[in-house]
Amino acid sequence: KLRKRYGWGGRKLKYLLNKEAIEISIATINRVIKRNGLLIAEDCHRRAQQRFERSNPNELWQADFKGPMGRGEAQCEPLSVIDDHSRYVVGLVPVKNKQTPEVKKAFTQIFEEYGVPEAILVDHGVPWWSTSNYLGLSTFSVWLMKQDLKLIYSGVNHPQTQGKVERFH
């Protein structure tokens, strides 16, 4: 009844059931939902066929912005850069905006400290991607390529491609 009413999964429904003094595991709740045919096809995601991880540090970094944080003068967008092999955070830099000069300054500092990776995995957002040309190259992406690294773009609307940095967020 709760699934039909709210459309929630086991984790949220467990909370409601606990309020009614019903102790049941999340896994059991999810099995009951599945057994009763209450799964929504769009909400079911296939498991990854293969997990990937580069074999050495600095082979691939994943970079993304967390999104706006803070208020007023303190507002920024944290830039997260993670090494794919070790999951070491090579950069966590608060930037005021995603404009090329500010992001370039952040990456310059990261490169000076950790070196330049072989490749960087990014999404199709600003500043990595541009809709002003058919190649999708932005001023910043061209600058990155001039640093002798390969740019790898994730799937469009597919944050799972950048799972490590997304999980970090």
Atom CZ of Phe111 and atom CD of Gln147: how far apart are they, to the nearest 0.5 Å? 6.0 Å

Establish whether Ile110 and Met145 are linked, either directly or via other cluster members, by ILVMFWY side-chain heavy-atom contacts under 4.5 Å. yes

Please check if the side chain of His85 supplies one atom and the backbone of Asn58 the other of a donor-acceptor pair under 3.5 Å. no

Value rounded to 0.5 Å, distance of OG1 in Thr28 from CG in Leu13: 12.5 Å

Applying the 4.5 Å side-chain criterion to the ILVMFWY set and letting contacts propagate, would Val122 and Phe168 be lumped into a single cluster? no

Is Leu135 linked to Ile152 within one hydrophobic cluster, defined over Ile, Leu, Val, Met, Phe, Trp and Tyr using a side-chain heavy-atom separation of less than 4.5 Å? no

If you draw a 6.0 Å radius around NZ in Lys96, do more than 12 non-hydrogen atoms from other residues or ligands fall strictly inside? yes

Which heavy atom in Ser141 sits nearest to a heavy atom in Leu151, and how many Å separate them? CB-CD1, 3.3 Å

Over all atoms of both residues, closest heavy-atom pair of His124 and Ser154: CE1-O, 2.7 Å

Is the backbone N or O of Trp128 less than 3.5 Å from a side-chain atom of Tyr153, with the two atoms forming a donor-acceptor pair by type? yes

When rounded to the nearest 0.5 angstrom, what distance separates CD1 in Ile82 from CG in Leu121? 11.0 Å

Would the number of heavy atoms belonging to other residues, nucleotides or ligands and lying under 6.0 Å from CG of Asn36 be above 12? yes

Flag the pair Lys98 and Glu77 as a salt bridge only when some basic side-chain nitrogen lies within less than 4.0 angstrom of an acidic carboxylate oxygen. yes

Which ILVMFWY residues are connected to Met69, directly or by a chain of links, through side-chain heavy atoms under 4.5 Å apart? none

Would a single hydrophobic cluster contain both Phe65 and Trp129, if residues Ile, Leu, Val, Met, Phe, Trp and Tyr are joined by side-chain heavy-atom contacts under 4.5 Å? yes

Backbone N or O of Asn56 within a donor-acceptor pair of the Glu59 side chain at under 3.5 Å? yes

Provide the closest heavy-atom pair for Pro78 versus Gly67 in the form atom of the first, atom of the second, distance. CD-O, 3.4 Å

Gap between atom CD1 of Ile26 and atom NZ of Lys12 - 0.5 Å precision: 12.0 Å

According to the interplanar angle, ranging from 0 to 90°, do the rings of Tyr88 and Tyr114 count as parallel (below 30°), tilted (30 to 60°) or perpendicular (above 60°)? perpendicular

So, applying side chain to side chain contact (heavy atoms under 4.5 Å, CB included) with Lys14, which one of Ile22, Asn30, Ile29 is it? Ile29

Side chain of Asp83, backbone of Pro57: donor and acceptor closer than 3.5 Å? no

Considering all heavy atoms of both residues, which atom of Ile120 and which atom of Pro117 are nearest to each other, and what is their separation? CG1-CG, 3.8 Å

Lys4 side, atom NZ; Ile33 side, atom CD1 - distance, nearest 0.5 Å: 11.5 Å

Smallest heavy-atom separation, Arg3 atom then Leu38 atom, equals NH2-O, 2.9 Å

Residues that Tyr15 engages under side chain to side chain donor-acceptor pair (under 3.5 Å), provided they are two or more places apart: none

Nearest-0.5 Å distance, CD of residue Glu23 to CG of residue Leu17: 9.5 Å

